[in-house]
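Since the structure comes first, as structure tokens, the remarks are kept for the end.
Start at 1 and go down the list; that is how both ligands and their atoms are numbered.
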Amino acid sequence: MALKLYGVPFSTCTSRALGALYEKGLDFELVPVNLSVGEHKQPEFLAKNPFGVIPVLEDEDVNFFESRAINHYVAHKYKDQGTDLIRHKNIKEAGLVGVWVEVESQTFNPAISPIIYQLYVKPLHGETADHSVVEAAVEKLGKVLDVYEAHLATSKYLAGDFFSLADLNHFPYTNYLMKTPHATVVNSRPHVKAWWEDISSRPALKKVADGMKLSV
Ligand code: GS8
């Protein structure tokens, strides 16, 4: 099999890459990486990603890391297969996909990731969540989602009237957030809520959610 994804489905970044592979309906092998024994810090894995983090997508002789870049590659390489994640036939729409892919990475992710780190990752290491950090991040996320709320009032999805990589890249962190009491930050904004309900009901993303087993 040509494509191999190294990672574990409970990891948000692995799940981001799984979302694109499932939306494309691709045949691939998921190769588990045992984080608890530090397999990702061993020479064999470091040869694939010198930063020692998951996921890595191996396509025969090339290794791709950084989940968003993996998705960009998959969206381009398989542009005519499964869901068109980048609107490659319309340069302006493709440009808007690029805008919202960056918004997720540069604005949404820094606001949401501390919440998930405190509530899901720290307990995995036997550490206690710092709720003051969570509260501050929820407030910051609320301000970001105020902008999303206004935008989604006039646009069904983030880049336009079509589902794209921009929406998909938001999936894993939001999926974990929605299992916490802080789901209210989404549910209290009607257009953000409707957008979330729409994207999270897609069969490919439901399949991703099934593998995201961490709980608070
Ligand atoms: C982040 C990769 C990362 O931190 C991406 O791929 O998007 N920007 C990169 N991966 C985490 C798991 S994320 O669920 C990881 O490998 N953590 C283990 C470690 O840092 O030791």
Side-chain angles (χ1 to χ4, degrees), residues 3-24 26 28-59 62-77 85-86 97-98 100-127 129 133-134 137 141 144 158 164-180 182 200 205 207-216:
L3 289 178
K4 284 186 184 177
L5 184 71
Y6 292 81
V8 282
F10 69 76
S11 122
T12 46
C13 302
T14 305
S15 283
R16 187 175 290 114
L18 284 170
L21 293 166
Y22 290 152
E23 284 286 350
K24 287 288 176 194
L26 295 171
F28 66 96
E29 183 186 349
L30 179 61
V31 183
V33 177
N34 191 337
L35 300 181
S36 58
V37 299
E39 204 181 322
H40 53 314
K41 308 296 180 193
Q42 298 305 313
E44 199 184 331
F45 187 86
L46 292 173
K48 300 182 193 309
N49 178 359
F51 294 102
V53 288
I54 54 169
V56 167
L57 181 74
E58 185 182 277
D59 187 359
V62 181
N63 289 298
F64 299 92
F65 47 88
E66 288 295 337
S67 57
R68 296 168 185 85
I70 291 172
N71 285 1
H72 190 75
Y73 173 72
V74 166
H76 277 283
K77 179 167 179 186
L85 294 169
I86 46 164
V97 173
W100 286 93
V101 162
E102 285 298 313
V103 171
E104 184 280 323
S105 170
Q106 304 295 329
T107 306
F108 177 86
N109 189 66
I112 197 171
S113 59
I115 306 170
I116 306 309
Y117 179 75
Q118 293 294 328
L119 298 180
Y120 286 89
V121 181
K122 277 180 105 177
L124 277 184
H125 304 306
E127 295 168 31
V133 172
V134 175
L141 181 61
V144 174
L158 289 171
S164 75
L165 206 50
D167 307 293
L168 186 154
N169 283 353
H170 287 74
F171 184 76
Y173 275 102
T174 313
N175 186 47
Y176 274 150
L177 177 82
M178 296 309 282
K179 296 177 186 169
T180 77
H182 304 293
S200 59
L205 298 186
K207 202 167 158 185
V208 174
D210 286 346
M212 296 182 70
K213 301 275 190 223
L214 296 185
S215 54
V216 279

For ligand 1, which atoms sit closer than 4.0 Å to a heavy atom of P55? 6 (O)
Over 12 non-hydrogen atoms of neighbours within 6.0 angstrom of NE2 in H40: yes
Between V97 and L85, the two heavy atoms sitting closest are CG1-O, 3.8 Å
Counting only heavy atoms not in E127, do more than 12 fall under 6.0 Å of its CD? yes
Nearest non-hydrogen partners of D167 and L158, listed with the distance: OD1-N, 3.0 Å
Name the closest protein heavy atom to atom 16 (O) of ligand 1, giving the residue it belongs to and the distance to 0.1 Å. I54 N, 2.9 Å
Contact atoms of ligand 1, heavy-atom distance to R68 under 4.0 Å: 7 (O)
To the nearest 0.1 Å, how far is atom 6 (O) of ligand 1 from its closest protein heavy atom, and which atom is that? S67 N, 2.9 Å
Closest protein heavy atom (residue, atom, distance) for atom 8 (N) of ligand 1: E66 OE1, 2.7 Å
protein heavy-atom neighbour closest to atom 13 (S) of ligand 1 works out as C13 SG, 3.3 Å
For ligand 1, which is the ligand I care about here, please tell me if V53 has any N or O atom under 3.5 Å from one of the ligand's N or O atoms. no
For atom 19 (C) of ligand 1, which protein heavy atom lies nearest, and how many Å away is it? H40 NE2, 3.6 Å
One thing to verify: whether E23 and K207 come together as a salt bridge, which I'm taking to mean a side-chain N less than 4.0 angstrom from a carboxylate O. no
Work out which heavy atom in F171 is nearest to a heavy atom in L205; give both atom names and the distance. CZ-O, 3.3 Å
